[in-house]
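In what follows, a structure is listed as structure tokens, so that the remarks can point back to it.
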Amino acid sequence: MNFKKYLFLLLSFIAFYSYGQSANQNYKLIGDNIIQTKNYYLLTLFQNNAAAKQLLANDPELTKLTQTRLDNIKSSLTTCKDPLCFTQTLKFSDDEIKAISERLINLYKTGNALDNLVKQHLIPSGTYQQFGSLSPVQMLVSAWEQDAKAVNYTIEVYAEGRKPNYPAIDSISFNVKNRGYLNLVYDASATIWDESKNEKLFFVPSMNYALHCLEINERDDAANDEPMISGINKNAYVRIKTINWAKYKYTMILIPGAGPDVLGVALSAEGMLRCRVAALRYFEGLAPFIMTSGGKVHPYKTKYCESDEMKKYMVEKLHVPENAIFVDPHARHTTTNMRNCARIIFRYGMPFSKPCITSTDKSQSYFIENMAGRCEKELGYVPYKLGKRLSATEQEFYPTIESLRIDNDEPLDP
């Protein structure tokens with residue numbers, strides 16, 4: 001091995017063990033607004049951590065940026081003549097993002113509020129897992145820049161009408177070219193001004209505007225069935241503590257959703273068949289739990305949630321015990337069926353190194369086997385590692401810790 005390669009490996013090793021702390025399975029996410037917590041966790045921490053909040057709210061440079069934002073919002077109410085004029089006032093510019101990054105670097109000191117926030121919350125949460133090998137201050141800045149871009153993306157899609165990743169199911173609810181839309185955007189800005197005129201934290205007006213955009217679009221999908229651990233998943237969650245995991249080869253049987261394409265239909269025929277196959281595997285004793293996965297996806301803005309309807313079907317028709325079924329009511333694609341299963345296993349304290357299986361129809365099962373490229377393209381990583389194929393409808397997989405990462409361009413299921 002040549003010296004340069006040896007030095008690179010040595011430095012990488014040192015960096016990993018200096019900064020490469022990992023997520024903690026006992027860590028509980030904080031925040032009163034679940035949609036905000038899921039999309040913008042660093043900003044949520046800034047708001048909820050008293051010491052960090054005081055440091056940021058009292059900093060003269062950040063205070064100046066906040067006041068400039070508020071002045072611009074107020075001015076827009078009398079000067080803007082088109083929707084984009086209003087929304088540009090609320091988004092973070094590249095220069096603002098850079099200036100705030102530099103200010104966070106200057107404010108960061110070992111042992112101070114920002115340092116503690118990173119080490120006690122950001123790292124153990126796993127929500128910015130991709131930055132785990134960076135130094136704490138670099139992780140803080142990277143997380144800020146991701147959250148700023150996530151706020152901008154939400155505004156662009158749900159106020160400006162930008163095409164989302166999946167336009168057929170996730171698009172804005174309004175015709176942005178309609179003359180009446182200008183009035184709606186004006187009212188949204190006026191509301192933010194009224195709510196934020198005394199705000200001290202630099203990010204709050206823009207973040208709240210993004211959240212308002214989701215609300216008026218009736219896009220609260222990230223909050224489906226929340227809080228799940230004390231609601232729809234409570235009975236299964238309580239049962240976790242009674243499980244002798246050594247008796248089971250697998251932690252979970254995952255059923256990816258199959259939404260109907262007809263408005264008013266609660267559960268598709270394919271969804272029913274997937275449930276039947278998975279129920280057979282459950283009664284064979286392969287795993288102590290089943291997870292139904294799928295949100296309110298097909299058709300556009302349906303009121304039916306795939307995972308909820310599959311659970312009802314399994315309990316009422318197939319007689320699977322209710323406390324053996326977890327639901328993931330958020331996933332909108334096969335990629336996130338896999339990712340969200342890994343997240344729930346981790347957050348609920350189930351064995352994370354134990355394999356799981358997907359149980360679905362033959363076509364989707366083989367699709368999952370060859371889905372790594374799509375995952376890399378859409379998520380930036382693969383949220384599972386494949387094991388062996390058990391049958392035409394069952395495939396082993398292992399969850400990965402990368403699944404905890406926030407997806408900053410999917411605000412309905414980040």
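One is the number of the first residue; the rest follow in order along the sequence. Only this structure's heavy atoms are used, side chains among them; waters, hydrogens and symmetry mates stay out. Please read these numbers as outputs of a predicted model, since none were measured by experiment.
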Problem set entry | Salt-bridge criterion met for Asp115 and Lys109 (N-O under 4.0 Å) | no

Problem set entry | Electrostatic pair Lys311-Glu322, nearest N-O below 4.0 angstrom | yes

For this session: Would you mind reporting whether Pro205 and Glu195 have side-chain heavy atoms less than 4.5 Å apart?
Result: no

Exercise. Any side-chain heavy atom of Thr400 sitting closer than 4.5 Å to one from Ser403?
Worked result: yes

Problem set entry | Flag, side chain of Ser171 to backbone of Ala168, donor-acceptor distance under 3.5 Å | no

Exercise. Is the backbone N or O of Cys85 less than 3.5 Å from a side-chain atom of Asp82, with the two atoms forming a donor-acceptor pair by type?
Worked result: yes

Exercise. Just wondering, do Leu404 and Thr127 contact through their side chains at under 4.5 Å, heavy atoms?
Worked result: no

Exercise. With distance as the sole criterion, is a donor-acceptor pair present between the side chains of Gln395 and Thr358 under 3.5 Å?
Worked result: no

Exercise. Any side-chain donor paired with an acceptor under 3.5 Å for Asp308 and Tyr313?
Worked result: no

For this session: May I ask you to check whether Tyr41 and His121 place their ring centers less than 6.0 Å from one another?
Result: no

Exercise. Strictly by modelled atom types, are Tyr237 and Asn323 linked by a side-chain donor-acceptor pair under 3.5 Å?
Worked result: no

For this session: State plainly whether the residues Glu402 and Arg405 are in salt-bridge range, i.e. N to O under 4.0 Å.
Result: no

For this session: For Glu145 and Ser142, test the side chains for any donor-to-acceptor distance below 3.5 angstrom and give the result as yes or no.
Result: no

For this session: Taking only Lys NZ, Arg NE, NH1 and NH2, and the carboxylate oxygens of Asp or Glu, determine whether Glu96 and Lys91 approach each other closer than 4.0 Å.
Result: no

Problem set entry | Min side-chain heavy-atom separation Arg281-Ile255 under 4.5 Å | no

Exercise. Taking 4.0 angstrom as the limit, do Asp221 and Arg332 come out as a salt bridge?
Worked result: yes

For this session: Check whether any side-chain N or O of Thr242 sits under 3.5 Å from a backbone N or O of Arg239 as a donor-acceptor pair, and report yes or no.
Result: yes

Problem set entry | Heavy atoms from other residues, nucleotides or ligands near NZ of Lys301 exceed 12 (cutoff 6.0 Å) | yes

For this session: Say whether, by atom type as modelled, one donor and one acceptor occur between the side chain of Asn217 and the main chain of Cys213 under 3.5 angstrom.
Result: yes

Problem set entry | Heavy-atom neighbours of Asn175 CG exceed 12 at 6.0 Å | yes

Problem set entry | Check: Ser307 side chain, Ser293 main-chain N or O, donor-acceptor pair, under 3.5 Å | no

Exercise. Is it the case that more than 12 heavy atoms not belonging to Lys354 sit under 6.0 Å from its NZ atom?
Worked result: yes

Exercise. For the side chain of Asn370 and the backbone of Tyr366, is there at least one donor-acceptor N/O pair under 3.5 Å apart?
Worked result: yes

Problem set entry | More than 12 heavy atoms from other groups under 6.0 Å of CG on Leu273 | yes

Exercise. Would you say the side chains of Asp413 and Asn340 form a donor-acceptor pair under 3.5 Å?
Worked result: yes

Problem set entry | Donor-acceptor under 3.5 Å (Asp59 side chain, Leu55 main chain) | no

Seminar exercise, completed: Partner of Phe92 under ring-ring contact (aromatic ring centres under 6.0 Å, His included), picked from Tyr40, Tyr209, Tyr153, Trp144, is Trp144

Problem set entry | Student check: side-chain heavy atoms of Cys375 and Val382 closer than 4.5 Å | yes

For this session: Answer yes if the ring centres of Phe326 and Tyr348 are under 6.0 angstrom apart, and no otherwise.
Result: yes

Exercise. Taking the side chain as C-beta and beyond, is there a heavy-atom pair between Met207 and Gln47 under 4.5 Å?
Worked result: yes

Exercise. Side-chain contact, heavy-atom cut-off 4.5 Å: Gln146 with Ile406?
Worked result: yes

Problem set entry | Note: Glu378-Arg374 ion pair, threshold 4.0 Å (strictly below) | yes

For this session: Taking the side chain as every heavy atom from C-beta outward, state whether Met314 and Tyr282 have any pair of such atoms under 4.5 Å apart.
Result: no

Exercise. What class does the angle between the rings of Phe46 and Phe203 fall in, given that below 30° is parallel, 30 to 60° is tilted and above 60° is perpendicular?
Worked result: tilted

Problem set entry | Given Leu379, Thr335, Asp170, Thr336, the one that forms side-chain contact (heavy atoms from CB on, under 4.5 Å) with Glu410 | Asp170

